[in-house]
> 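First the structure, then my questions, so here it is.
Throughout, residue positions are numbered sequentially from 1 according to the sequence presented.
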Amino acid sequence: QVQLVESGGGLVQTGGSLRLSCVASGRAFSTYIMGWFRQAPGKEREFVAAITWSSSSTYYAGSVQGRFTISKDNAKNTVYLQMNSLKPEDTASYYCAARTKGLPTSFDYDYWGQGTQVTVSS
């Protein structure tokens, strides 16, 4: 069974930075696609970023392109989301997800973490 555990959320001021971590366990992830999604109160869940474990290809939502960076540490089975120049509209619960195939930007991932809260104050 795949387990994903996020951490690193918190409260930050506008313009600040946070780094989210997602530790994956339970499988060999060399063929997986790892994604970050977010959901704000009253809004639908939206794609943020994704990375392919094998080739390290990355994908970003337009709203975070140039501000957020997704990366991974193979030795630690961990995926990171470095978030810079944060804005109040980035406030949301952030979820890590994993899938074995399919589009990195679509929502139908196989496994999901519990989420970590990010709050950006103005």
> Applying side-chain hydrogen bond (donor to acceptor under 3.5 Å, both in side chains) to Ser93 and Gln117, what does each step give before you reach the verdict?
CA-CA 4 Å; Ser93 292; Gln117 178 67 35; 2.9 Å; yes
> Assess, by modelled atom type and distance only, whether the side chains of Ser56 and Lys72 contain a donor and an acceptor separated by less than 3.5 Å.
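Per modelled atom types, Ser56 and Lys72 side chains form a pair under 3.5 Å.
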> First locate atom CZ of Arg27, then atom CD of Gln3, and finally report the distance between them rounded to the nearest 0.5 Å.
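One finds 11.5 Å between CZ of Arg27 and CD of Gln3.
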> Provide the full list of disulfide (SG to SG under 2.5 Å) pairs with a residue in residues 45-83, sequence neighbours left out, each pair given once.
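Non-adjacent pairs meeting disulfide (SG to SG under 2.5 Å): zero.
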> Give me each pair satisfying disulfide (SG to SG under 2.5 Å) with a member in residues 92-122, each pair once, sequence neighbours excluded.
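Listed once each, the pairs are Cys22-Cys96.
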> List in chain and number order the residues that pass side chain to side chain contact (heavy atoms under 4.5 Å, CB included) with Ser122, two or more places apart in sequence or in another chain; answer none if no residue qualifies.
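Partners of Ser122 by the side chain to side chain contact (heavy atoms under 4.5 Å, CB included) criterion, ordered by chain and then number, come out as Thr14, Pro88.
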> When rounded to the nearest 0.5 angstrom, what is the spacing between OG1 in Thr116 and CZ in Arg38?
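One gets 14.0 Å once the value is rounded to the nearest 0.5 Å.
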> What pairs with Ser121 under side chain to side chain contact (heavy atoms under 4.5 Å, CB included), at least two apart in sequence or on another chain?
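Leu11, Gln13.
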> Does the pair Glu46 and Gln39 meet the rule for a side-chain contact (heavy atoms from CB on, under 4.5 Å), with working shown?
CA-CA 6 Å; Glu46 63 174 345; Gln39 188 167 17; over 6 Å; no
> Considering only Ile, Leu, Val, Met, Phe, Trp and Tyr, and joining two whenever side-chain heavy atoms are under 4.5 Å apart, list the other residues clustered with Trp53.
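Trp53 clusters with Val2, Leu4, Val12, Leu18, Leu20, Phe29, Tyr32, Met34, Trp36, Val48, Ile51, Tyr60, Val64, Phe68, Ile70, Val79, Leu81, Met83, Leu86, Tyr94, Tyr111, Val118, Val120.
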> Only counting residues at least two apart or in another chain, list the ones meeting side chain to side chain contact (heavy atoms under 4.5 Å, CB included) with Gln82.
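With neighbours one apart ignored, the set is Ser17, Arg19, Thr69, Asn84.
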> Under 3.5 Å, is there a donor on one side chain and an acceptor on the other for Ser106 and Arg99?
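A donor-acceptor contact under 3.5 Å links the two side chains.
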> Holding to side chain to side chain contact (heavy atoms under 4.5 Å, CB included), I want the full list of residues that pass it with Gln114, two or more places apart in sequence or in another chain.
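Listed in chain order: Glu6.
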> Does any pair with a residue in residues 25-93 pass disulfide (SG to SG under 2.5 Å), and if so which ones, sequence neighbours excluded?
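Listed by first then second residue: nothing to list.
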> Kindly indicate whether the side chain of Val23, heavy atoms from C-beta on, has any atom under 4.5 Å from the side chain of Lys76.
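Heavy-atom side-chain distance check fails, nothing below 4.5 Å.
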> Would you please name every residue forming a side chain to side chain donor-acceptor pair (under 3.5 Å) with Ser30, sequence neighbours left out?
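By the side chain to side chain donor-acceptor pair (under 3.5 Å) rule, Ser30 matches no residue at all.
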> Applying disulfide (SG to SG under 2.5 Å), which residue pairs with at least one partner in residues 28-94 are found, sequence neighbours left out?
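Sorted pair list comes back empty.
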> Applying salt bridge (Lys or Arg N to Asp or Glu O under 4.0 Å), name anything that partners Arg67, two or more places apart in sequence or on another chain.
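Here the qualifying residues are Asp90.
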> In the hydrophobic cluster built from side-chain contacts under 4.5 Å, what are the other members alongside Tyr95?
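Members besides Tyr95, by chain and number: Ile33, Phe37, Phe47, Tyr59, Phe107, Tyr109, Trp112.
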> Would you say Ser57 and Ser55 are linked by a side-chain donor-acceptor pair, where the criterion is simply a distance under 3.5 Å?
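Ser55 vs Ser57: donor-acceptor pair found between side chains.
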